[in-house]
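So the structure is just underneath, and the comments pick up after that.
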Amino acid sequence: MKGLKKIGQDLTGLFLFILIIGMFLAGELIKGWVPDDVFEGSLVNVITIFLSILLEAIPFILIGVFASALIQVFVSESLLQRLVPKRFPYLALLPAAFVGALLPVCECAIVPVARRLIKKGMPTHLAIVIMVTAPILNPIVLLSTYYAFQNNLTVVIGRMAIAFIAALIIGALLYKLFGRQNPLKQRSHDHEHHHEHDHDHSSNKLMQTLVHASDEFFDMGKFLIIGALLAALFQTYIDREAIVTLGSNNWAGPGVMMGFAYIMSLCSEADAFVASSLGNLFSTTSLLAFLVYGPMIDFKNTLLMLAYFKKRFVLLFMAVVTVTVYVITVGSQIWL
């Protein structure tokens, strides 16, 4: 039953992807069949923005999912543990952040990895630092952010710097507040996210890589489609003056964009393109809040964490991440 559900989800994602690409490639033909007044005004603007975000982001998603799949298949948790010293809790935060930066893994795929690291003895705060840095500090996200913000390198540098500093503070605060307590739920059986299925049942590494990559692509793709559509509708139909007023507010803007990032649940390889499309409406600080907060915690990530971690720890983690990112991004206005 579970297998049929998974096949149905994959087929649905594939259908939506082919439909959107087909509409783009056959746009003129479709337009000839539809009355002219349907493609007038704001609808054209929505379609244009939506497709531009989608087509810019897809190449980086493809790079990201294959890199993530290679990490999943060929890099073991024991290797990661050897790279992170456990003897000095606070000093170990720095190498943990660098280890996370080397892993081009999406924010939902990294949660099971963090869980396994904790089960194998890695201190919770170090596993969490890896969890929040991997989806945002890796080279692929840096490349996609640079491509999306070529004319605004402040956003590129600011995203990486704020994420790095925030990750260290989050790790330190979690160690101070939670110590060495076990945050994992006691489970009678292990249930991993679908990114990990067949991990131990096939010796064919290439096939495992392809399976992981396809799973992640369609999992990310549906959130990208939703996020791109919301961004297009947001820019087209929301009163621009109200948005500019709110987005330029030094205190409200970052908070609004953090909420936007949480709900949209975009993958970190694509969120820069959505943020770039909103660049004329929100301040640089607000955009940075969006780009840092979303990869660290979003709606789908919260659901996954609740499946693996105790509710109290998840709520504490969300509070620490929210306060840390907001304070740092607002404070960064001094230098930006």
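These numbers come from a predicted model, not from an experiment.
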What's the verdict on side chain to side chain contact (heavy atoms under 4.5 Å, CB included) for Arg159 and Leu142, showing C-alpha distance, side-chain angles and the deciding distance?
-> CA-CA 9 Å; Arg159 181 182 196 183; Leu142 174 61; over 6 Å; no

Just checking, is any N or O donor in the side chain of Tyr262 or Thr302 under 3.5 Å from an acceptor N or O on the other one?
-> yes

For the atom pair CD1 (Ile130) and CG (Leu93), what is the distance rounded to the nearest 0.5 Å?
-> 10.5 Å

Close side-chain approach of Phe149 to Thr154, heavy-atom, < 4.5 Å | no

Mutual orientation of the aromatic rings belonging to Phe98 and Phe164 [parallel < 30°, tilted 30-60°, perpendicular > 60°] | tilted

Do Val292 and Val327 sit in the same hydrophobic cluster, where Ile, Leu, Val, Met, Phe, Trp and Tyr count as joined when their side-chain heavy atoms come under 4.5 Å apart?
-> no

Under the ring-ring contact (aromatic ring centres under 6.0 Å, His included) rule, collect the residues that match up with Tyr146, sequence neighbours excluded.
-> none

Would you indicate whether the side-chain heavy atoms of Val320 and Phe178 approach each other to under 4.5 Å?
-> no

Given side chains that start at C-beta, do those of Pro89 and Arg180 come closer than 4.5 Å, heavy atoms only?
-> yes

With Ser144, which residues qualify under side chain to side chain donor-acceptor pair (under 3.5 Å), at least two apart?
-> none

Working to the nearest 0.5 Å, report the span between CG of Leu233 and CG of Asn45.
-> 10.0 Å

Could you state whether Leu291 and Ile157 fall into the same hydrophobic cluster, counting links through intermediate Ile, Leu, Val, Met, Phe, Trp or Tyr residues with side-chain heavy atoms under 4.5 angstrom apart?
-> no

With rounding to the nearest 0.5 Å, note down the distance linking CG in Leu103 to CE in Met131.
-> 13.5 Å

4.5 Å side-chain heavy-atom contact, Ile162 and Thr329 = yes

Closest heavy-atom contact between Ser332 and Thr285?
-> OG-CG2, 4.3 Å

Between OG1 of Thr124 and CD1 of Ile118, what distance do you get to the nearest 0.5 Å?
-> 4.5 Å

Give me the ring orientation class for Tyr175 and Tyr90: parallel if the planes are under 30° apart, tilted from 30 to 60°, perpendicular past 60°.
-> perpendicular

Check whether any side-chain heavy atom of His125 sits under 4.5 Å from a side-chain heavy atom of Val129, and report yes or no.
-> no

Any donor and acceptor pair, going by atom type alone, linking the side chain of Ser268 with main-chain N or O of Ile136 inside 3.5 Å?
-> no

Min side-chain heavy-atom separation Arg312-Gln181 under 4.5 Å = yes

Does Phe290 reach the side chain of Asp271, with side-chain heavy atoms less than 4.5 Å apart?
-> yes

Would Phe309 and Val111 count as a side chain to side chain contact (heavy atoms under 4.5 Å, CB included) if you check the C-alpha gap in whole Å, the side-chain angles of each, and the deciding distance to 0.1 Å?
-> CA-CA 10 Å; Phe309 293 85; Val111 174; 4.1 Å; yes

Do Ser286 and Ser283 have side-chain N/O donor and acceptor atoms under 3.5 Å apart?
-> yes

Does Ser277 use its side chain to pair, donor to acceptor, with the backbone of Val274 at less than 3.5 Å?
-> yes

Side chain to side chain donor-acceptor pair (under 3.5 Å) involving Asp298 - partner list, sequence neighbours excluded | Lys300

Flag if over 12 foreign heavy atoms under 6.0 Å of OH, Tyr326 | yes

Member of Leu184, Leu177, Ile128 meeting the side chain to side chain contact (heavy atoms under 4.5 Å, CB included) criterion with Phe313 = Ile128

Do the non-hydrogen side-chain atoms of Met257 and Leu287 ever get within less than 4.5 Å of each other?
-> yes

Is it the case that one hydrophobic cluster holds both Val323 and Leu315, taking links as side-chain heavy atoms less than 4.5 Å apart, direct or via other members?
-> no

N/O donor-acceptor pair under 3.5 Å between Lys185 side chain and Lys311 backbone = no

Stepwise side chain to side chain contact (heavy atoms under 4.5 Å, CB included) check, Val141 with Met160 | CA-CA 9 Å; Val141 172; Met160 299 298 146; 4.2 Å; yes

Separation between CD of Glu269 and CG of Leu143, rounded to the nearest 0.5 Å | 10.5 Å

List the steps and the verdict of side chain to side chain contact (heavy atoms under 4.5 Å, CB included) for Thr284 and Asn152.
-> CA-CA 9 Å; Thr284 298; Asn152 191 354; 4.0 Å; yes

